[in-house]
Amino acid sequence: MPWTKVFIDQDDFAATPATDGLRWITYRDSLREAQMQMLQHDARVFILGEGVDDPGGIFGTTVGLCEIFGKDRVMDIAIAENGLTGVAIGAALAGMKPIFVHMRMDFLPICMDQIINHAAKWCYMTGGKVNVPLVVRSIIGRGWGSAAQHSQALHSLFLHIPGLKVAIPATPYDAKGLLVSALNDGNPVMFIEHRWVYDYKGHVPEEIYAVPLGKGIVRRQGKDATVVAISQMLYEAVKASKALAAEGIEIEIIDPRTLNPLDEELIFDSVRKTGRLVIGDVGCRTGGVGAEIASRVAEKAFPFLKESVAIVALADTPSPASHALEMAYYPGAEQIIASVKRLLGNNKVSELAPVPGEPTSILFRSR
Amino acid sequence: MPWTKVFIDQDDFAATPATDGLRWITYRDSLREAQMQMLQHDARVFILGEGVDDPGGIFGTTVGLCEIFGKDRVMDIAIAENGLTGVAIGAALAGMKPIFVHMRMDFLPICMDQIINHAAKWCYMTGGKVNVPLVVRSIIGRGWGSAAQHSQALHSLFLHIPGLKVAIPATPYDAKGLLVSALNDGNPVMFIEHRWVYDYKGHVPEEIYAVPLGKGIVRRQGKDATVVAISQMLYEAVKASKALAAEGIEIEIIDPRTLNPLDEELIFDSVRKTGRLVIGDVGCRTGGVGAEIASRVAEKAFPFLKESVAIVALADTPSPASHALEMAYYPGAEQIIASVKRLLGNNKVSELAPVPGEPTSILFRSR
Amino acid sequence: MARTSPRTMRRLFHTMLKIRRFEEKIVERYPEQNMRTPVHLCIGQEAIAAGVCGNLKKGDYIFSTHRNHGHCLAKGMDINTLMAEFYGRITGCSRGKGGSMHPVAPECGILGTTAIVGGSIALAVGTGLASRLRKDGRISVAFFGDGAADEGIFHESLNFAALKKLPVLFVCENNFYATNSPQTARQPHDNIAKRGESYHIPGFQVDGNQVLTIYETVKKAAARARAGKGPSLIECRTYRWKGHVGPDCDYERGCRPEKELRDWMKRCPIELFQGHILANKIITAAEINHFIKAIDKEIATAVKFGLESPLPDKTDLIKHVFFERE
Amino acid sequence: MARTSPRTMRRLFHTMLKIRRFEEKIVERYPEQNMRTPVHLCIGQEAIAAGVCGNLKKGDYIFSTHRNHGHCLAKGMDINTLMAEFYGRITGCSRGKGGSMHPVAPECGILGTTAIVGGSIALAVGTGLASRLRKDGRISVAFFGDGAADEGIFHESLNFAALKKLPVLFVCENNFYATNSPQTARQPHDNIAKRGESYHIPGFQVDGNQVLTIYETVKKAAARARAGKGPSLIECRTYRWKGHVGPDCDYERGCRPEKELRDWMKRCPIELFQGHILANKIITAAEINHFIKAIDKEIATAVKFGLESPLPDKTDLIKHVFFERE
Ligand SMILES: Cc1ncc(C[n+]2csc(CCOP(=O)(O)OP(=O)(O)O)c2C)c(N)n1
Ligand SMILES: Cc1ncc(C[n+]2csc(CCOP(=O)(O)OP(=O)(O)O)c2C)c(N)n1
Ligand SMILES: [Mg+2]
Ligand SMILES: [Mg+2]
C-alpha cells in the first residue's frame, strides 16, 4: 500500500538487468546484506530499534535477521529513544558495536542528548581513552503526505557536532561499503539513508568490503559546472546532466558520500576546473550542508569561483502534507538545471527544459 | 568564587560612568528588568526553569522575581527538560507566554524533540491556526574548565529548523529590547545569552521597548572589510578595530542581533562597500552560522566579494577542560585581526599585533 | 455509582457509531489514493474516545496522537474540515499542511495534534497548567497508547501534574501493540495503570470496549480534576482491528495472530453497547437506523466537500511557518 | 543477615576516610585557583560510595555524575591522575580534556563519567546489557541524585533493565536537593525507592549515612544481579555538607537552613561508623591515625604530581575528537 511505497517518476535501476556478470541488488538489500554479514562476522555487532524484528523489518532492511540471529542480536525495543540510545552507548563503551535503527530521522531529536552530549563527546572527554563504536541508522525522504513530524532530513544538524561522523550513501554499493566502514570505525556514525532510493539497484559485491569514510567520488566528469549532489539528489543530478548535455552543457557530479569527514579537496579540485558550483541537498536550505560546502569553497577555493554559488535545497518550511504542496517542496533535476544555466549566464530560459525520462543506468561500481 | 565568575581580559563597560545622563546598567540587569516588566505588564507571562527562584537566580537574571511574583509565575521545576518544555508549549498553545530558562545551553539537546518537532512546527502543522508564544532563554560561553557538557554554544543548530526564531543579543540594550520582542512575537524564540558579557554595562532605557527581530545593526563604520560579529564576538571585533585602525585599516562591524530572521541585506550592503568579509562566531566552525552567512554572500552577493571569506570560530572539537586548552580554544580579537589582514593581502605579519587593552566605551544605545 | 442517563447513553452510542462509520468510509475510499496521507484507524477502540469525551465540555482541551480520528470526532470537530485535510485540500483544518496526523480545531478544544509518540502527554499537562494559572475551570485530556507509556516524557509529565495537582486526565489506550511490537516485548509487566502510583496518581484499569465503564470512570476522574484534586491515569484495554496504519488488516502479514483479532472482534465495543441499550430499551432498532443514515449522510457530504475543495496553491508552501500578527 | 567481616569494615572505613580527606584537600587548595574546574564535593555522602563499591569487583562498571570523586576513589581509581586532571594537566586521567566532571579509569571499570543529569543511568544499563550479552559476570552500577530521578531517562532505563533482567544497580543518592531546589519543590512524594515498583524492581530506602546498612543492602542486590535476577533500586538518604558546587557552604547565601545542615552534620557517616568500629574493637584509634597519615601522604603526592605535571600543549586541543586506530 502507498504509505510504505514511494512513488518516483522513474525507476532507473530496478529494471536494468545485470548485463556484465556483476551482481546487482537493491539499496535495501545491500543494507540488509551488510548487517547480516557483520552480524555473522563480528560477535560484538547487534541491532536494536523499534520494529527491527517485525514483518516489515524497517522497510525490508532487517527482514529475517531476527529469525537468524535471535532476539539478543536483533532487538526490538520500547519507544524510549533517549534512554535506549544511552543503553546503546553504554554497550558500545563496553566494547559492543550496536546499530541503532530509526524508521524516520524525525525521532532523533528525542535522543539528541545522548547523541550530542554523550556519544559525540565521550572520546574527547576521556582524552581518547574510551571510544564509542555506535552506528545510528536513520531514514529520510518524503513518505506519503507524512508531513512535518515524519519526513525530515536533519543530517545537517550533526555536521555541527564535533565527534560525530555522518555517512549519507546514495548508491547500493556505498550503502553496504559505508555501513561496513561505519561499524569498524570505532566512532559514532550517523548513517543516513534515503527512502526514495531503497528500490534502486546497483552493483554490490557479495563479500564484505569497505568504502572509506571521508572519500567522495566523481560520478560524472564535466567542465562547465560542478554539482555536489547529496543522497537522492545524485539521481536528480544525473537526470539533469542528460538534459544539460543535450544542450551542450557538461556538468561534473560529485557525491561526497560522507559529510563528516567531508572530502573538500575533491570539491575544490572540481571547482578549480569548472569555476561554478551548485549544491543539491535533500534537507532545508538554511544552516544546511549546502551552506557548509558553499562556505568552505568561499573560504578556501574562492579564487577558482567564476560565479555565485547556487544551493538547491528544500525551502525553509516544515514538510507539508498535501500532495500539491509536497510537489512544490521537493526540488529535483529541474532546479539543478535552472541553477546551472543561471550560473552559465543562460538565464533567459524562462520555461524550464523538460527532464528526460529514460533510464540513466549508471553503473555505480567504482569507489 | 570562580565557577560563577567569568574572567575576561578587560571589562570595558562595568567601570564606565554614565556621563551623559543616560541610564547604564549591566546586561544581566537588563535581562532581569525585561522579565520583571513583562511579568508586571502581561498576565500571560511566566518564567519556569531549574533554579529560577534560588538565591543565585540564573546568574542574577531572575533574582528576587519569585519573591515579587510568587511561585506560580516564577516556577522552579524538576530536572526534566523535555517534559517541561512540552508543558511550556502546551501552556503557550492555550495562550500563555512562558519563558523557559536554561542555565546552560548544553541542556537543550534533551528537549530538542519538543523544540524541533513541536514548538517549531506547530504553527505550520495547524495551517497557522495555533501559534506558540514561547521564549527559551539559554546561556552560552565558557565557564571555568566546565568542559564538553557545560560550555557549548549550539545556537547554530536552531537556524536549520524552520519555525524557530533565534535572537542572540550582545549588548545590554539589545538584551532587553530583544527579549521584549521575543515575548510579543507569538513564535518560539530561542534567546541566547553570552555569559562573558553579563557584567558589561550599556545604556538601557527604563521603559519597555522593543528591538525588532530581524534587524541587524552597524556598530562601526569602515571601508576595508566587513566583520560580522555574533554575540560576545562583537567586543572582540571592537578591540580588533582599534588595533587595526592604528594601522590604518578600518573595519565595518555588523551585529546581526538575530540569526533567524537574519538581516542579510545589511550584510550584503556592507560587503558591497568593503568587498571583504570576516565572520566572528562563538560556536564551532563547521555547520555554524558563519558558514550560513558566508554561503548567503557567496550565493547572493558574490559579485561584491574581492577576496575569500574568513570565518573566525571555535575549532571543531568539544570544549576542553584545561585552562591551557581553553586558551587555545576561544578565538578573539587576534584572530579577527589576522583574518582581516590576510584578506587585505597583508599576511606577511607573522606575529600577531598585540591587542590594545584600554576601554573601548562604545555607547550601545542606538537601534 | 450514579447511573448514566438514557440521554447520555444515546449520545455515547451515537458518537461510537459516527467514529465507526467514519473510519469505515476511509477504509472504503482510501484505495482510490486520493487521501495521500497515512491513516491510523481506530476501529475497535471507539468506546474510549466516546466514553472520555462524553464527559468533556467544549472548552476542555484534548491532545491526541497519530491515531486521532475518534478523539477528534468525539470532541465535536467538524468533519468536513477533517476530511478535506485528509484529501490535502486548502479547506482542510490545517489548510492541507497537517494531513491526517495533526488535526486542529481550536473552537472545540483541539489545539493541534502531535504524532510524536508521547508528545501529547506533556502538552496536555501544559494546557492543564494554563488552566490552573488562569483558573478557567477547564480540564485537559492526554490520549496516548501503550507504546507512549514507555517514553520518559510520560513520567516527567505525571510527576509534574501530580506535584502541581493539575486538572489533567491521562488516558492510555492500551491496544497491546506499538506498531507491531507486542506489549510483552516492551514492558516487564502488564500494569500501565500502576505507573502513576509513586506520584500518588489514582490509576484505573478498565475494559476499553465497555463505553459505560469508561464514561463512569472518567466522570469521577474529571470531577476530581475540576475540583483541583489533581490528575488521574486511566488505562483502557482495547484492540485495534486494522493494521497499525492503513485500511488493511495485518495478521496476513504475520503482524499478530488472527485468532487474537477474531476474539477481540467478538467483543466489538459497539455491539456490546448496542445489545445493552436495546435490551434496556434505551434505544430502538429504528432509531439506530436513523442514526446511521444521518451519520452516513454527514460523512458523504464531508467526502464530497473534501474531494471538491481546491488544493493549496504552491505559493501556500511558505505560508504559516511563522505566526504573523496582522 | 550475614555479618560484615572486620576486614571489610576496616576497608569500608578506610575508603570513607580517603574520600573525606581527599575532598577536604580540595577545599583547602581550591581557593588557590589552580584547579580551574567546577568541583562538586561529596563530603557527608561518603558512606554510599564506600558501601556500594565495597561490593564490587575491579571489572564491574560504575557510572557516576558531576558529583563523582567519592565513587571514583571507592572504585579504586588512581588518585594521581584524578588530581592531575583537576589541575588541567596532560597527565590527568583525561589528558586535561575532562576536568572534574568526567573522570575515566577503564582499568577499574570507570569507562567515563557524564555530568548531564540522568545520563549515567542509561549508560550503566548499557554496560549491563553488554555483560548479559557476553555473559561476562560483571555488574554495573548507576549512581545518580534525587534530581536525576525526575528525568524521563530514569524510567526508560528502569523499564528496559527490568524487562531484560539486567545486572544493574540503580543507586540514588538522595541528598534532598538538586542544586538549590529542595525535593519537595520537584517531587510530590518522598519515595524515590518506590519508583521502580511498576517494573517490579525491588526498591530499598536506606540510611545513606550508615555504611553497613548500605553495604549489606547492596550485597544482596549485587548477588541478585549476578544471579541473573535483574536490577534493584537503592535510595540512600543523605546530605551534602558543602554547597552544590565549590568548597564553600551555602546556607549563608540562603540556599538552605543552617539548622538542617547542623543536624545532618551530627550524623556524620564517618563518625557514626568510627564510633561503631571502635566500640566493637574492629579498629583502634592508633590504626585510624595510621590510616589518616597514609591517606594524607597519598593525597599530598597526588597534589604534587598534579601541580608539577605539564599542561597540555595547545596542539593537544584538536586531538581525540575521534578515536583513531593505529
Ligand atoms: C518518538 C516516536 N518514535 C517512534 C514513532 C513511530 N511510531 C508511530 S506510531 C508508533 C507506535 C505507537 O504505539 P502506541 O503508543 O501503543 O499507539 P497505537 O499506535 O497502538 O495507538 C510508533 C513507534 C513516533 N511517531 N514517535
Ligand atoms: C540535564 C541536565 N540538566 C541540568 C543540569 C545542571 N545541573 C547540574 S547538577 C544539577 C543538580 C543535580 O541534582 P541531583 O541529581 O540531586 O544531584 P546532586 O547534585 O544533589 O548530587 C543540575 C540541575 C545538568 N547538568 N544536566
Ligand atoms: Mg498501542
Ligand atoms: Mg541531590
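Since the structure is predicted, the reported quantities are computational estimates derived from the model, not experimental observations. Every chain is numbered from 1 and lettered A, B, ... according to where its sequence line falls, protein lines coming before strand lines.
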Q) Can you say whether A:Asp316 sits under 4.5 Å from chain C via the side chain, the backbone, both, or neither, judging by heavy atoms? A) backbone

Q. How far does CZ of C:Arg89 sit from NE2 of A:His323, to the nearest 0.5 angstrom?
A. 11.0 Å

Q | side chain to side chain contact (heavy atoms under 4.5 Å, CB included) between A:Leu325 and C:Asp316, intermediate numbers included | A | CA-CA 8 Å; A:Leu325 296 172; C:Asp316 287 315; 4.0 Å; yes

Q: Taking atom types as modelled, find out whether A:Gln149 and C:Thr114 have a side-chain donor-acceptor pair closer than 3.5 angstrom.
A: yes

Q.
So which atom in C:Gly99 and which in A:Ala321 form the shortest heavy-atom distance, rounded to 0.1 Å?
A. N-CB, 3.2 Å

Q.
How long is the straight-line distance from OG of C:Ser181 back to CG of A:Asp53, given to the nearest 0.5 Å?
A. 6.5 Å

Q. Non-hydrogen atoms of chain A under 4.5 Å away: do they reach the side chain of C:His102, the backbone, both or neither?
A. side chain

**Q.** Contacting moiety of C:Asp313, where chain A heavy atoms sit under 4.5 Å
**A.** backbone

Q. Can you name the closest pair of heavy atoms from C:Asp150 and A:Ala80 and give their distance?
A. O-CB, 3.4 Å

**Q.** C:Ala115 to A:His150 - nearest heavy-atom pair and separation
**A.** O-CE1, 3.4 Å

Q: State the CZ-CD1 distance between C:Arg186 and A:Ile79, to the nearest 0.5 angstrom.
A: 6.0 Å

Q. For A:Ile110, is it the side chain, the backbone, both or neither that has a heavy atom under 4.5 Å from a heavy atom of chain C?
A. side chain

Q: Search all heavy atoms of C:Gly98 against all heavy atoms of A:Ala147 and return the closest pair with its distance.
A: O-CB, 3.6 Å

(Q) Report which part of A:Glu50 has an atom under 4.5 Å of a heavy atom belonging to chain C: side chain, backbone, both, or neither. (A) neither

Q) Among A:Pro55, A:Ala328, A:Pro320, which residue forms the greatest number of heavy-atom pairs with chain C at distances under 4.5 Å? A) A:Pro55

**Q.** chain A contacts, top residue of C:Cys255, C:Ala185, C:Gly119 (heavy-atom pairs, under 4.5 Å)
**A.** C:Cys255

Q) How long is the span from the CZ atom in C:Arg95 to the OG atom in A:Ser322, to the nearest 0.5 Å? A) 13.5 Å

Q | C:Ile153 CD1 to A:Asn82 CG distance, which is reported to the nearest 0.5 Å | A | 11.0 Å

**Q.** Heavy-atom closest pair, residues C:Asn180 and A:Asp54
**A.** ND2-OD2, 3.0 Å

(Q) Please find the pair of heavy atoms, one from C:Pro312 and one from A:Ala324, that lie closest to each other, and give the distance. (A) O-CB, 3.8 Å

Q: Give a yes or no on whether the backbone of A:Gly145 and the side-chain of C:Thr37 come within a donor-acceptor separation of less than 3.5 Å.
A: yes

Q. What do you reckon, is CG of C:Leu307 surrounded by more than 12 foreign heavy atoms closer than 6.0 Å?
A. yes

